[in-house]
Amino acid sequence: MPLNIVSLVSVGRHPQSGRARRAEQDSRAVELGLKLADTALTVLHVGNPDDPILRQYAGMGLPSLTVLKQEDSVDAVPVLQRFLEQKNIDIVLTGVRAESGESSGMVPYLLAHALGWPVVARVADIVAVKDGKAEVLLALPRGQRRAVSIQLPFIASMDHAAEAARQSAFAVGLRATVESVESVGEVDQIRVDWQESVAKIRPKRLKTVKAKTAAERFKAATAKPEGGTGKVMKNETPKEKARAIFDLLLEEKVIR
Amino acid sequence: MTTSSSAIVRRDPRKEWIARNRLHPLHHEVISEGLGHVIGPSGLPRKNPHQIGFIGPNGIKRIDRLKGNGAAVSQPHQAKSSDTVLPLHTVTAPDFYIFVVPDLVGGRLSVHDKDILGLAHALQADMEGKGAVVAVCFGDTKEEHFDLAGVDRLIQRTSDEFDGFSPEARAAALTQMEETWAPKHWLFPDSVHGGTDLASRLAASLGERPASQAWQVTPEKVVCRGAGGSLDIARQTPRIVMVLEECGNAIDETRHQVLPLEMPAFHEHTPRILDRGQVAVDPNEIPLAEAEFILSAGNGIHNWPQFHQTAEALGATEGASRVAVDDGFMPRFRQVGASGTWVTARVYMAVGISGAIQHMQGIGQCDKIIAINTDAGCDMVKRANLSVIDDSDLVLSELMLLAQAYASEHGNQQGSKKQENSDAA
């Protein structure tokens, strides 16, 4: 039985130039979707169907895209929920955070809550899908991986550790058809009151010395960071020394 | 104040100034104050030599001929300042709670966690009424200083459901806490260690609109990053806030109570996400900058095959000092230090590296450092938490034996979740 997989995509933003582009994590979601379902993959977008950026996703080898036509000010979650409920879907793939708008990263969680599905964040790979269960590799900090098995259907957000998106072919993108679907949406009322401005550079935290006297301030400014707090083993046998090191490694749980 | 009043030395700067100035008209009176002006039987003023001076820190009498100009005068009370006990911040009947869910990377409060606890106190101070900061910890913790980090109340959940990777159970437990205490705010670290995930799950289940990537938080207003970090969004502070790094100042002037909060029994719940444990990753595939455990080699290594075998047996990522790279024993991308990689390892083991300043810069962010060196006076030994003064060959071979014995002992338990809860939790 072929899998029914949906990748949610959004319009990204290049961090340096600020130009619109296919979003980094969303394109990884398309890449993984292509790996699992090949061209049977549904790529879904909420917004303007005439956006040229969508052709960059289509250029990854998709025959068609589905766009739920909406204004920018509309909350995408209820629109997506209504669309996904109608279909018999196994896996929904998204990015962790959008590169435009609020980028709160809440869409997968809100969708999962509304649909009653499990959600996993920061997926590196989906290894296998068998008997209504998926074997998923999660990306952990420090290059580690965790294996997890989840019942279908579920929602997964893609980490940067997932396989990078293939290059987009311009002509393939142009040939793809964009199916525009009319949908009903409500304007996001909470967001109307927010004030948005260009991001300010965050101040770096300075090393403040809480010294009450001049002598303490002088000491803090001149003194070397004192050592000598560590344990030094000199006269023990090599065996005892190795044991001490190994115990510390075990205590820190770096030995697996 | 907890320090007794006798420990406080009141200084009179004017008197000290007069005591220093021998030409001052009041000099004589100030100097002889407390000695009394004694006229001897012959009519001459007399000095009592036994009353001059004071008892120094060693119990030896000292006469201050510097007339208060020396540092020794104020010595007796300065010795105490190192072991002063910080004042205790007590909250008896809190009007409201602020819940903080720290990441507890490796079972300890990270800098990020401590900043958020400090931020919670700053928020609490700016709000009406008296609030208590509650830390919610899942699983076993190794943290010993919750009191110094600013935890007024502690909720610790240590049952099997919360071990390892259990976001659903944790989120369910948080929802239950919300019903019990209805905290005014929930603060989470916006981090890859699970803070963001947990906060998003809680927000979705409570139907709250959280503030993510917040970097300025006040009781009324919060400023968040949006649109991939290119936008600042100012909005009213919601109940759930995910806070970026360096957005608050950690507590450092008070101690806190760390009273346990009793938690009602956890509702049974069947997880839909099953944890299969961490997957073995080839440690040398991990980029050096983000490796958790690095075994680094320097000039003191002579048996290179042994070094590589030890790294493999311990499951450590290999690093090297500049000398080892220049001599051709290690590739350039393994170099740690100013001109190589700045590493962030939790445990850094330096074998035969004496610690040039460029190398020490590169390991500035490491938590635990283990040094194996023949020179007890080198800089690496001074910086290390555990130093072994011996030949690297002997210690590494012993260490390899230990690692192999451990692996054969635990090899059949690989699939179990016992070794979880490392940094990558």
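On a predicted model such as this, the values are computed, not experimentally measured, just so you know. Letters A, B, ... are given to chains in the order of the sequence lines, protein chains preceding strands, and every chain is numbered from 1.
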Taking all non-hydrogen atoms of both residues, which atom of I273(B) and which atom of V119(A) are closest, and how far apart?
CD1-O, 3.4 Å

Does the pair D115(B)/R205(A) count as a salt bridge with the N-to-O cut at 4.0 Å?
yes

G116(A) to R272(B) - nearest heavy-atom pair and separation:
O-NH1, 3.0 Å

Measure the spacing between CZ of R243(A) and CG of L401(B) and express it to the nearest 0.5 Å.
11.5 Å

Should R142(A) and E290(B) count as an ion pair when the cut-off is N to O under 4.0 Å?
no

May I ask you to name which of A114(A), S149(A), A121(A) has the most heavy-atom pairs under 4.5 Å with chain B?
S149(A)

Report yes if the side chains of L274(B) and I150(A) come closer than 4.5 Å at any heavy-atom pair, otherwise no.
no

To the nearest 0.5 Å, how far apart are CG in D197(B) and OH in Y109(A)?
3.5 Å

If you apply the rule side chain to side chain contact (heavy atoms under 4.5 Å, CB included), what do you find for C224(B) with E102(A), and how did you get there?
CA-CA 9 Å; C224(B) 318; E102(A) 190 189 347; over 6 Å; no

Atom OG in S387(B), atom NZ in K241(A): separation rounded to 0.5 Å?
11.0 Å

Rounded to the nearest 0.5 Å, what separation is found between the CZ atom of F165(B) and the CG atom of L138(A)?
5.0 Å

Region of L111(A) in contact with chain B, defined by heavy-atom distances below 4.5 Å
neither

What heavy-atom pair brings D390(B) and P238(A) nearest, and what distance separates the two atoms?
OD2-CG, 3.7 Å

Let me confirm one number: the CZ-NZ distance from F293(B) to K253(A), rounded to the nearest 0.5 Å.
15.5 Å

Separation between OG of S104(A) and CG of D190(B), rounded to the nearest 0.5 Å:
10.0 Å

Please list all pairs passing the side chain to side chain donor-acceptor pair (under 3.5 Å) test where one or both residues lie in residues 243-253 of chain B, with sequence neighbours left out.
K210(A)-D252(B)

